[in-house]
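The structure presented is a predicted model; accordingly, all values stated were derived computationally and were not measured.
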Amino acid sequence: MDSLILMDDMLYQNNWNQAQINYPANLSRPKDEILVIKLVSNQDNPFTIPHKGKVISKFGIRNRRLHTGTDIRLNSGDTVVCAFDGRVRMAKISSGYGNMVVVRHKNGLETLYSHLKTICVQVNDTILSGELIGLGGRTGHATCNHLHFETRLLGQAFDSDKYIDFETSTLKSNLLYYKNRQFEIDFAKLKVPASKNQHSISAPNNPDGIYMIQKGDTLWNIAKKHNTSVSKICTDNRIAARTILKIGDALKIN
């Protein structure tokens with residue numbers, strides 16, 4: 001398995017952008033490359049849940065848009081702490097996120113904490129797991145007090161529930177595998193690339209079964225591309241076959 005590699009400091013090519021969450025396309029990884037991400041190394045502090053509270057909204061499609069994080073209920077002024085040891089890359093007000101902090105971890109992952117009432121760290125701060133990030137609130141586009149928590153790799157948000165058990169506040173596994181925009185804690189579940197004569201739902205546009213609508217898409221060609229039917233897509237997304245598709249909207253594709 002020559003493509004099996006460990007995460008290293010060269011992943012971001014010294015890109016330390018303090019203004020933008022996302023990264024340039026040239027930082028994307030080869031489709032056949034497998035990244036092995038060790039969540040907590042022997043010398044690290046143990047994982048800490050950012051806030052112990054009820055999950056009120058999960059990663060996935062919400063109002064036909066991709067909700068890119070996990071929302072955790074809290075009270076205004078409750079403490080929000082860092083999940084893993086890391087370094088603060090962003091600490092600022094950011095549109096819909098409100099008061100937001102992004103921490104980069106040495107394994108290549110980044111965690112994002114938003115809707116904070118107060119930010120208690122500064123850019124370039126070294127922060128340990130369990131240390132204070134800020135105080136919870138409802139800044140930005142938030143309808144109630146909660147923490148919006150995300151996990152990202154090279155700017156791609158993925159479901160934190162893949163590796164965190166939010167009910168027990170523990171990690172499901174200490175290893176996370178990444179290949180072609182797919183994240184798994186079970187190596188055997190990584191999808192093998194399809195041949196030219198096969199249909200595949202593991203296309204880069206379909207992380208975690210979610211398809212982002214692009215220019216020229218129709219329900220018919222989306223269904224054909226993912227080896228499913230228009231009626232199945234409509235049922236799963238509670239839409240009609242005549243629904244007008246808008247670029248950037250998200251569809252659930254099973």
Rounded distance (nearest 0.5 Å) linking atom NE2 of H146 with atom OG of S114: 6.5 Å
Would you check if the side chain of Y113 reaches a backbone N or O of L147 as a donor-acceptor pair within less than 3.5 Å? no
Compare all side-chain heavy atoms of Y163 with those of S173 and state whether any distance is below 4.5 angstrom. no
Find the distance between CG (D85) and CD (Q43) and round it off to the nearest 0.5 Å. 9.0 Å
Got a sec, which pairs hit salt bridge (Lys or Arg N to Asp or Glu O under 4.0 Å) with one end in residues 108-122, sequence neighbours left out? R89-E110, R104-E110
Under 3.5 Å donor-acceptor, D165 side chain and E167 backbone: yes
Are more than 12 heavy atoms, taken from residues, nucleotides or ligands other than N26, located less than 6.0 Å from that residue's CG atom? yes
Taking T235 for its side chain and S231 for its backbone only, find out whether a donor-acceptor pair lies under 3.5 Å. yes
Shared hydrophobic cluster, L132 / I127 (ILVMFWY, side-chain heavy atoms < 4.5 Å): no
Using 0.5 Å steps for rounding, measure from the OG1 atom of T151 to the CD1 atom of I37. 10.0 Å
With a 4.5 Å limit on heavy-atom distance, are the side chains of V102 and R152 in contact? no
Partners of D236 by salt bridge (charged side-chain N to carboxylate O under 4.0 Å, His left out), sequence neighbours excluded? K232
Using the test ring-ring contact (aromatic ring centres under 6.0 Å, His included), find all partners of F166 that sit at least two apart in sequence or belong to another chain. none
Side chains of T48 and S129 only: does a donor on one sit below 3.5 Å from an acceptor on the other? yes
For side chain to side chain contact (heavy atoms under 4.5 Å, CB included), just list the numbers for I239 and L219, CA-CA rounded to whole Å, side-chain angles, deciding distance to a tenth of an Å, and then say yes or no. CA-CA 11 Å; I239 60 175; L219 285 175; 4.3 Å; yes
If only side-chain N and O atoms count, and only distance matters, is there a donor-acceptor pair under 3.5 Å linking S28 with Y23? no
Nearest atoms (heavy-atom pairs only) where V81 meets I49: CG2-O, 3.4 Å
Other residues, nucleotides, ligands: >12 heavy atoms within 6.0 Å of Q20 CD: no
Are side-chain heavy atoms of H115 and N99 found at a separation under 4.5 Å? no
Can a side-chain donor-acceptor contact be found between H51 and T79 if the only test is distance below 3.5 angstrom? no
What are the two closest non-hydrogen atoms of T70 and D159, and how far apart are they? OG1-OD1, 4.5 Å
Mind checking whether I222 and L245 have side chains closer than 4.5 Å, heavy atoms only? yes
Got a sec: does the CZ of R87 have more than 12 other heavy atoms crowding it under 6.0 Å? yes
Should the heavy atoms of other residues, nucleotides or ligands under 6.0 Å from CD1 of I93 be counted, would the total exceed 12? no
Would H105 and L39 satisfy side chain to side chain contact (heavy atoms under 4.5 Å, CB included), going step by step from the backbone distance to the final call? CA-CA 9 Å; H105 310 287; L39 297 174; over 6 Å; no
Please report the interatomic distance CG(L135) to SG(C120), rounded to the nearest 0.5 Å. 4.5 Å
Starting from I72, can I reach M100 by hopping between I/L/V/M/F/W/Y residues whose side chains sit under 4.5 Å apart? no
Closest heavy-atom contact between L11 and L154? O-CD2, 3.9 Å
Joint cluster assignment, L116 & M90, ILVMFWY side-chain distance < 4.5 Å: no
Same hydrophobic cluster for F84 and L35, using side-chain heavy-atom links shorter than 4.5 Å among ILVMFWY? yes
Could you pull out all residues at least two apart from D44 that satisfy salt bridge (charged side-chain N to carboxylate O under 4.0 Å, His left out)? K106
Go through it in stages, so that I can follow the logic: the residues are E33 and K179, the test is salt bridge (Lys or Arg N to Asp or Glu O under 4.0 Å), and I'd like the CA-CA distance, side-chain angles, deciding distance and then a yes or no. CA-CA 6 Å; E33 179 184 74; K179 181 179 182 181; over 6 Å; no
Quick check: closest heavy atoms across N15 and P24, and the distance to 0.1 Å? ND2-CD, 3.8 Å
Hey, are the side chains of S229 and K224 touching, using non-hydrogen atoms and a 4.5 Å cut-off? no
Shared hydrophobic cluster, L74 / L112 (ILVMFWY, side-chain heavy atoms < 4.5 Å): no
In Å and rounded to the nearest 0.5 Å, what is the CG to CZ distance from L153 to R181? 10.0 Å
Contact summary for A240 and T243, nearest pair of heavy atoms: O-OG1, 2.8 Å
Can you tell me how far the CG atom of D161 sits from the NZ atom of K172, to the nearest 0.5 Å? 3.5 Å
Would you say N180 and R29 are linked by a side-chain donor-acceptor pair, where the criterion is simply a distance under 3.5 Å? no
Carefully, step by step, assess V88 and V101 under the rule side chain to side chain contact (heavy atoms under 4.5 Å, CB included). CA-CA 7 Å; V88 177; V101 173; 4.2 Å; yes
How about N75 and N145: does a side-chain donor come under 3.5 Å of a side-chain acceptor? no
Any donor and acceptor pair, going by atom type alone, linking the side chain of N107 with main-chain N or O of L109 inside 3.5 Å? yes
Passes ring-ring contact (aromatic ring centres under 6.0 Å, His included), H67 versus H148? Steps please. CA-CA 10 Å; H67 180 240; H148 176 88; 5.1 Å; yes
Using atom types as modelled, flag every donor-acceptor pair under 3.5 Å from a side chain in residues 52-62 to any protein atom, sequence neighbours excluded.
residue, atom, partner, partner atom, Å
S57, OG, R62, NH1, 2.9
R62, NH1, D71, OD2, 3.3

With a 4.5 Å heavy-atom cut-off, do C234 and V230 have their side chains touching? yes
Under a plain distance cut-off of 3.5 Å, with no hydrogens placed, do Y97 and E150 share a side-chain donor-acceptor pair? yes
Got I164 and F47 here, is their nearest side-chain heavy-atom distance under 4.5 Å? yes
Any donor-acceptor N/O pair, N237 side chain to I233 backbone, under 3.5 Å: yes
Can you name the closest pair of heavy atoms from R138 and C144 and give their distance? CB-O, 3.4 Å
Is the shortest heavy-atom distance from the side chain of I34 to the side chain of L190 under 4.5 Å? yes
Please answer whether the main-chain N or O of L128 pairs with a side-chain N or O of N45 as donor and acceptor at a distance below 3.5 Å. no
Are Y177 and F183, when compared by the centres of their aromatic rings, separated by less than 6.0 Å? no
Students should find that the hydrophobic cluster of W16, defined by side-chain heavy atoms under 4.5 Å apart, otherwise consists of none
